[in-house]
Amino acid sequence: SKKGISAGVMTLGGIDRRLDSTPMVWARNLARTGWFTVYVKKLYLRPGGGSSAQIDHPELIIPITADLFSVNSGKGVILDSGTTDTYLHKSLAQPFNEAWKKITGKPYSNLPVKLTRQQIAELPTILIQLVPYETGYDEVLGLPDDIIGLVGNKLDENSPTDVLIAVPATHYMEYSPSKNVYTSRFYFTETRGGVLGANTLQGHDVVFDWDYGRIGFAESTCKVSDPREEKAGLVSEGADARGTDCILQNPAVTKACIDTVNTKICTGDNPDEMLEGAEEWAMVVDYPGTGSGLGCEDVIRKKMLPGMSRDAEIGCNDAGLCTTKQTCNVACRYVRPIEPQQDDENSKSVCPHGSWGACLESCRQAKVTSSFMTDGRCHEDPKEREERECHTEYCGISDPCVIPFVVHVILAFRGVDHSTWDKNAESTIIDAFSDAIKNTQNEHIFEPSDVELLMISPWHQDVLDFSGTASGDMSQLLGTKVVMEVHMYNNNAIKPESSAEDSARKIPNDLADRLSTMLRSKADSKKLSECKSSDIFQLAQKAHEIHFVLQKDGFMESLRDSMKSSQEVFAFSPMIQNEQFVKDSIVFSSWTIKTEVGGGSVYDHELDPYPHALHYVKITPAYFGFLNLSTVAYICLPLLVTYLVSKRRRESHAGEKMLSLNPNTPTFCPKPFEIVRRKFGGANSMLGLRKKATQDLEAPLHNSDTQAPRRRDNE
C-alpha cells in the first residue's frame, strides 16, 4: 500500500522463484471445472508451534484420522483465497478436539480467549496432508524426508510423497485489537467437503496451474523487496526505526597520496621518513536515503572511509557525485609507482566500472569509472567521469506534467543466461534499446537516460509431450526476460519556483538539512508543474511510435546490431552469435501508463488525436495553441452551463404540457407524488386539474397503479 504495508504478491504468467524459501511441491487438482479442489488425507497436530512443515520430532506429532469419504464429499475440499477462514468436515471435530486437549490440556473452541503472544506461538501447528500430483519426487532435492513440504517416511511410510502444509497458530488465531482477544478461525462445521481459506494459504507461494491440473505450494514470506530497499538493507542496520541511510558505490581514488608528495626527499637513507600530501576520493550515490537516516556525507565519513580526519573536505553535488579531500602521510619506503593490475572477477565487482548512479530529484546523475591498481585500490580515470541529465527514478515521476507517460516494455532474449547479468549488461541493453527505437525520420525518440531497467528473470517455456501433458521438469529455460520502462519527459514543463531552487541544492546531509528538505517537500507536494496540452499531445505521439517500432518485423535484428557496437556484450554473446536465437527472441508486451496524481492508469492510444481519430476535447487546445486548458474552460464552461439549463427547462415544459394533454401516459405521476405537489399548487393548479382528469377518466387503473407506490411511501 502507499503506507508501505505488504499484503502479499500475485504473479501472472509464470512462477517467481524469488518468493520461495523451500522447494515447490505439487498437489493434485481434482476438479475439471469450477474451484481448485484437493484431497485431504489426514490432519496432524504438532506441539510447540512453528510455521514450517519441516519434521524434526515426528514422535511428538499426533495424527488425526477421519472418514475420508465424508471429509472430501460433495464439492470436495476447495482452495479459496477469497475465503478468510478454513472450514472442514464436522467428522474431524471430535478427534481434533481430543488431540488438542492432549497437547494443551484444554478443549478446542472457536470462542475468543485472552492469550499473550508467547502463548500463541506455543499453540499447536496444524499439519494438512494432501494427495500429490504424482507419486514420484525430484531426486536432485533428496529423499522425501529431506524435502520440506512432503510428508516423508517419518509421518506416513505408505505415502511419503504426499504434500504437507503447515498452519501455525499465528495464522489460524485471529487477533482483535479492540477487545485484546484471539479467536480460532479453523472450523469443523461442514456437512460435505470443506474450504481451505486464506489463513491456510498464508505464508505460502501458491501456484494455481489449471492447465496441468495441479496446485503448487512453497513456503514463503510472500514479499519481493524493492531493489533499492534491498541495497538499503545491506548498508543500514535498524533502518525501519530511523529511516534508510544513503547508499554509495564503492569509492575510487581520484588522486593518490603518493602522487602529491615530494618524492625527492626520499634518498634511500631515510625509508621511515614521513611525507605529507593530499588524497582525493570520488564515489557516486546509488540511493539518496530516506527519512532521518544518515546522509551521504555522514555515510562517507562513518562507513565508507572511517579513518578520515575531522578536517577532511566532503561534498556531494546535485548529480550525486561525492568527492573527498584530506591530508595524508606516506613513508619513503612505500613510495613506488602505481600501475594498473590485470582485472579479475573480484576486482571487477569491487571497482566502479562506469555504471550510472541514481537519477536524483535534480534530474541528474553521475558516473565514475575506475580500475584496479597495484596498491590494491580502485583508481578513477578522471577523463571517464561523466554527469548527465536523466528522467527516471526520482525525477518527476510524481509530477504528471514532467513525466506525462511511461512506456513499459517486456523483452525476452533467447540464449541469454540471466546468471551472467551484471551492470555492464544493463548498460548494454539500455543503450542498444535506445539506439534501436527511431521514428520515421530515423531520429531517436528518447535517450538512454530516459530508460530504467526494472527487473530481469529467467525465461521459461512449458514443455508438453505428445499426449498434451507435462514432461520432464515441466519447463525449459529459454533465456532471460527483461522489464524496462521509458519515461516520456516533457522538457517544456513549467516547474514551480521552489522546485527549481531545490534542484540546485546539494544532497541534504545532516539531520537539520534533511528535516528541512522533508518539511519543504511536504509543503511543496501540491505544487505541480504546468504544461501545454500541445506538449502532452507530442509525447503521446512519441509513445505511440515506440509501440509501432516494437511491432515491426526485424526489430530484434536491429537491437542485435546496436548491441554489437558495445564493448561489453558478454551476457548477450550467445544471442549475438546465433542467428536463430535472434529470431526466437521476442517482444512480450508493451503498454503506456498515463501518470496521474494519486496513481497512473493504462493509456489507450486509440484515443490519440491523429488525423483519423480526432478527440475534440484533447486536440482542440493543441491545434489552436492555447497555453493550457484553463483558457478553454473559462470560455466554454459558462456557455455549456447556459445551454444545459435552457435545454432542461425546455424539456421540462414540454413534458408537463404532454402530461396535461394526455393523462393516460405511462409516465403519469403516481398519486402520492401528486398529493405532495398539490399542496403547493392549489386545487385549480395544473397539477390539481391533471389529478381530477385522471380520476374521472381512469379511476380503476389509477387506483391499482398507486397501491405499490403507497406501500413504499408508507414504509
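- For the atom pair CD1 of I247 and CG of L294, the computed distance is 11.5 Å after rounding to the nearest 0.5 Å.
- Within the model, atoms CG of L453 and CD of E426 stand 5.0 Å from one another, a figure rounded to the nearest 0.5 Å.
- Separating the CE atom in M455 from the NE2 atom in H418 is a distance of 11.5 Å, to the nearest 0.5 Å.
- For the atom pair CG (L478) and CZ (F413), the distance works out to 14.0 Å, reported to the nearest 0.5 Å.
- Side-chain atoms of S362 come within 3.5 Å of backbone atoms of D318 as a donor-acceptor pair (strictly under, hydrogens ignored).
- One distance of note links CE of M24 with NE2 of H204; it measures 10.5 Å at 0.5 Å rounding.
- A salt bridge is absent between E443 and K542; no separation between the charged side-chain nitrogens and carboxylate oxygens falls under 4.0 Å.
- By the 4.5 Å heavy-atom criterion applied to side chains, T323 and E280 are not counted as neighbours.
- Counting only heavy atoms from C-beta outward, the side chains of L360 and Q365 never approach each other to under 4.5 Å.
- Judged by distance alone, with hydrogens and angles left aside, the side-chain atoms of T22 form a donor-acceptor pair with the main-chain N or O of E219 at under 3.5 Å.
- No donor-acceptor pair closer than 3.5 Å links the side chain of T324 to the backbone N or O of I314.
- Judged purely by distance below 3.5 Å, without hydrogens or angles, the side chains of E387 and N317 pair a donor atom with an acceptor atom.
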**OP:** Take S562 and D431 through the side-chain contact (heavy atoms from CB on, under 4.5 Å) test and state the conclusion after the steps.
**Re:** CA-CA 8 Å; S562 297; D431 291 341; over 6 Å; no

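- Here the side chains of C395 and R364 are not in contact, with every heavy-atom distance at 4.5 Å or above.
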**OP:** In sequence, state the C-alpha distance, the side-chain angles, and the governing distance for F581 and M556, and then conclude on side-chain contact (heavy atoms from CB on, under 4.5 Å).
**Re:** CA-CA 10 Å; F581 282 174; M556 279 298 173; over 6 Å; no

Original post:
What do the steps show when you test Y287 against L248 for side-chain contact (heavy atoms from CB on, under 4.5 Å), and what is the final call?
Top reply: CA-CA 7 Å; Y287 180 71; L248 301 105; over 6 Å; no

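- Ionic pairing of K367 and E386 is present here: one or more N-O contacts between side-chain nitrogen and carboxylate oxygen are shorter than 4.0 angstrom.
- Under a 3.5 Å cut-off, the side chain of D417 and the backbone N or O of F572 do not form any donor-acceptor pair.
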**OP:** Test N490 against D535 for side-chain contact (heavy atoms from CB on, under 4.5 Å), laying out the working first.
**Re:** CA-CA 7 Å; N490 179 16; D535 295 333; 3.7 Å; yes

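- Heavy-atom minimum distance, C266 versus L275: SG-CD1, 3.4 Å.
- Comment: K303 engages D245 in a salt bridge, judged by a side-chain N to carboxylate O separation of less than 4.0 angstrom.
- Counting only distance, with no hydrogens or angles, the side chain of D399 and the backbone of S529 share a donor-acceptor pair below 3.5 Å.
- The closest side-chain heavy-atom distance from M575 to S585 is below 4.5 Å.
- Remark: the backbone N or O of S355 is paired with a side-chain donor or acceptor of Q249 at under 3.5 angstrom.
- No side-chain heavy atom of E276 sits less than 4.5 Å from a side-chain heavy atom of V261.
- Using a distance-only test at 3.5 Å, with no hydrogens or angles considered, a donor-acceptor pair links the side chain of T374 to the main chain of E339.
- What you find for V299 and C246 is that their closest heavy atoms are CG2-O, 3.5 Å.
- Counting heavy atoms of neighbouring residues, nucleotides and ligands inside a 6.0 Å radius, atom NZ of K583 does not exceed 12 of them.
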Subject >> Worked verdict on E579 versus R560 for salt bridge (Lys or Arg N to Asp or Glu O under 4.0 Å) >> reply: CA-CA 10 Å; E579 189 66 29; R560 184 266 316 272; 3.0 Å; yes

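- Side chain of N270 to backbone of E273: no donor-acceptor contact under 3.5 angstrom is found.
- Between V416 and T480, the shortest heavy-atom contact is O-OG1, 2.6 Å.
- For the residue pair T254 and E380, a side-chain donor N or O sits within less than 3.5 Å of a side-chain acceptor on the partner.
- If you check the side chains of H487 and D450, you find no donor sitting under 3.5 Å from an acceptor.
- Scanning both residues, K438 and V549, for their nearest heavy atoms gives O-CG2, 3.3 Å.
- No donor-acceptor pair closer than 3.5 Å links the side chain of E485 to the backbone N or O of H408.
- Residues N578 and Q580 come closest through the heavy atom pair OD1-N, 2.9 Å.
- Cation-pi geometry between K481 and F588 is satisfied (NZ or CZ under 6.0 Å from the ring centre, within 45° of the ring normal).
- A donor-acceptor contact closer than 3.5 angstrom is absent between the side chains of S220 and D205.
- Formation of a donor-acceptor pair under 3.5 Å by the D584 side chain with backbone atoms of R414 is not found in this model.
- Side chains of P340 and M373 form a contact here, defined as non-hydrogen atoms less than 4.5 Å apart.
- Between C363 and C390, the two SG sulfurs stay at or beyond 2.5 Å from each other.
- Close placement of the F446 and F433 rings is indicated, their centers lying within 6.0 Å of each other.
- Side-chain contact between I265 and T263 is absent, with no heavy-atom pair separated by less than 4.5 Å.
- Atoms NE2 and OG1, on H379 and T369 in that order, are 15.0 Å from each other to the nearest 0.5 Å.
- The pair R377-D375 counts as a salt bridge, with a side-chain nitrogen and a carboxylate oxygen less than 4.0 angstrom apart.
- In this structure, C316 and C322 have their SG atoms less than 2.5 Å from one another.
- Here the side chains of V587 and F555 are in contact, with some heavy-atom distance below 4.5 Å.
- When all heavy atoms of C378 and P251 are compared, the closest pair comes out as CB-O, 4.1 Å.
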